[in-house]
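Residue numbers count from 1 along this sequence.
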Amino acid sequence: MGTVFSERVARLNAKAGKTYQEMASDCDFKRSVTWWNKVRWNEIEDPPKPSLYPYLARALEVPVRRVAEMVAEQWCGVRPDDTVPEHLRSLLAVLRDVREEDVSVIHQMARAMCEKRGAEVEVERISARLLTAFGETEGPYTLEQLEWLKLPELQAVKMDVGMGRAEVEEDAYALLDSIPGPGDE
């Protein structure tokens, strides 16, 4: 049995800073602060009644249909669609209400975001390969080599230089000195 409803409460509480008092207030106190706390810790055995879904939706900041899906999953062990990742389910519930003529715009936006993510993954892959290849070359790192690397890789090189495991040419020291350490950002 999943805990998706409880996880949503926990996520709102921990990451968004929404208190149980605010959740109770958002649902017009149809559920108490104590109830929200118990839900958070998965201590509620009986599912909420469907008449409460609109109030719970407001408190959980999701569409009513998503509340129904979360209740079905947590208390009944039924998932509406196992192929849709959790972080996209609320989005799908919202998209059900989009006008058909607006779907193409949403599709273009989603495609652009996918392409952006694909490019980021490719840059990370190439950057990691470059770092490995540079580490295997004879002699110290050159300024030209370092300029191809992203911040995490530059920080790794800086640490390796500081620990005596790697060397850099004299003109490359200025670049390494200018970047923050991993915890200094």
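- Between the side chain of Lys18 and the main chain of Asn13, no donor-acceptor pair closer than 3.5 Å is present.
- When hydrophobic clusters are built by joining Ile, Leu, Val, Met, Phe, Trp and Tyr residues whose side-chain heavy atoms come closer than 4.5 Å, directly or via intermediates, Tyr173 is grouped together with Leu149.
- Applying the 6.0 Å contact sphere to CZ of Arg96 captures more than 12 heavy atoms from other residues, nucleotides or ligands.
- To the nearest 0.5 Å, atom CG of residue Leu143 and atom CG of residue Asp171 are 5.0 Å apart.
- Phe5 places a side-chain heavy atom less than 4.5 Å from the side chain of Val71.
- With hydrogens and angles ignored, the 3.5 Å screen pairs no side-chain donor or acceptor of Lys30 with any backbone N or O of Tyr55.
- Residue Glu170 qualifies as open at atom CD: its count of foreign heavy atoms under 6.0 Å is 12 or below.
- The number of heavy-atom neighbours closer than 6.0 Å to CD of Glu45, taken from other residues, nucleotides and ligands shown, is 12 or below.
- A pairwise comparison of heavy atoms in Leu151 and Pro180 identifies CD1-CD, 4.2 Å as the closest pair.
- Considering OG of Ser32 and NZ of Lys38, their distance stands at 8.0 Å, rounded to 0.5 Å.
- With a 4.5 Å cut-off on side-chain heavy atoms, Ser6 and Arg40 do not count as touching.
- Residues Trp35 and Tyr20 place their aromatic rings such that the two centres sit no closer than 6.0 Å.
- Using a 4.5 Å cut-off on side-chain heavy atoms (C-beta onward), Leu60 and Met70 make contact.
- Under the 3.5 Å distance criterion, the side-chain polar atoms of Glu73 are left unmatched by any main-chain donor or acceptor of Val78.
- The pair Asp28-Arg58 meets the salt-bridge criterion, since a charged nitrogen lies less than 4.0 angstrom from a carboxylate oxygen.
- Between Lys158 and Leu154, every side-chain heavy-atom pair lies at or beyond the 4.5 Å cut-off.
- Taking CZ of Arg111 as the start and CD of Gln108 as the end, the distance is 11.0 Å to the nearest 0.5 Å.
- Linking ILVMFWY side-chain heavy atoms closer than 4.5 Å, directly or via other members, places Leu56 and Trp41 in a single hydrophobic cluster.
- Put simply, Leu88 and Val98 are part of the same group of oily side chains (I, L, V, M, F, W, Y) that touch within less than 4.5 Å, one to the next.
- Side-chain contact, Glu43 with Asn37: no donor N or O sits under 3.5 Å from an acceptor N or O.
- From His107, atom NE2 reaches atom SG of Cys114 across 9.0 Å, with rounding to the nearest 0.5 Å.
- Salt-bridge annotation for Arg65 and Glu69: present, with a side-chain N of the basic residue lying under 4.0 Å from a carboxylate O of the acidic one.
- For the pairing with Arg31, the side chain to side chain contact (heavy atoms under 4.5 Å, CB included) check across Leu52, Asp26, Val39, Ile44 returns one residue only, Leu52.
- How far CZ of Arg99 is from CD1 of Ile106: 10.5 Å, rounded to the nearest 0.5 Å.
- In this structure, Met23 and Leu12 approach most closely via the heavy-atom pair CE-CB, 3.9 Å.
- Of all heavy-atom pairs between Gln74 and Val4, the closest is OE1-N, 3.5 Å.
- The hydrophobic clustering, which links ILVMFWY residues whose side-chain heavy atoms are closer than 4.5 Å, places Met113 and Leu95 apart.
- Pairing each heavy atom of Leu146 with each of Ala172, the nearest pair is CD1-CB, 3.5 Å.
- Proximity of a side-chain donor or acceptor of Glu22 to a complementary backbone N or O of Thr19 within less than 3.5 Å is detected.
- For the atom pair Arg66 CZ and Glu61 CD, the distance stands at 14.0 Å (nearest 0.5 Å).
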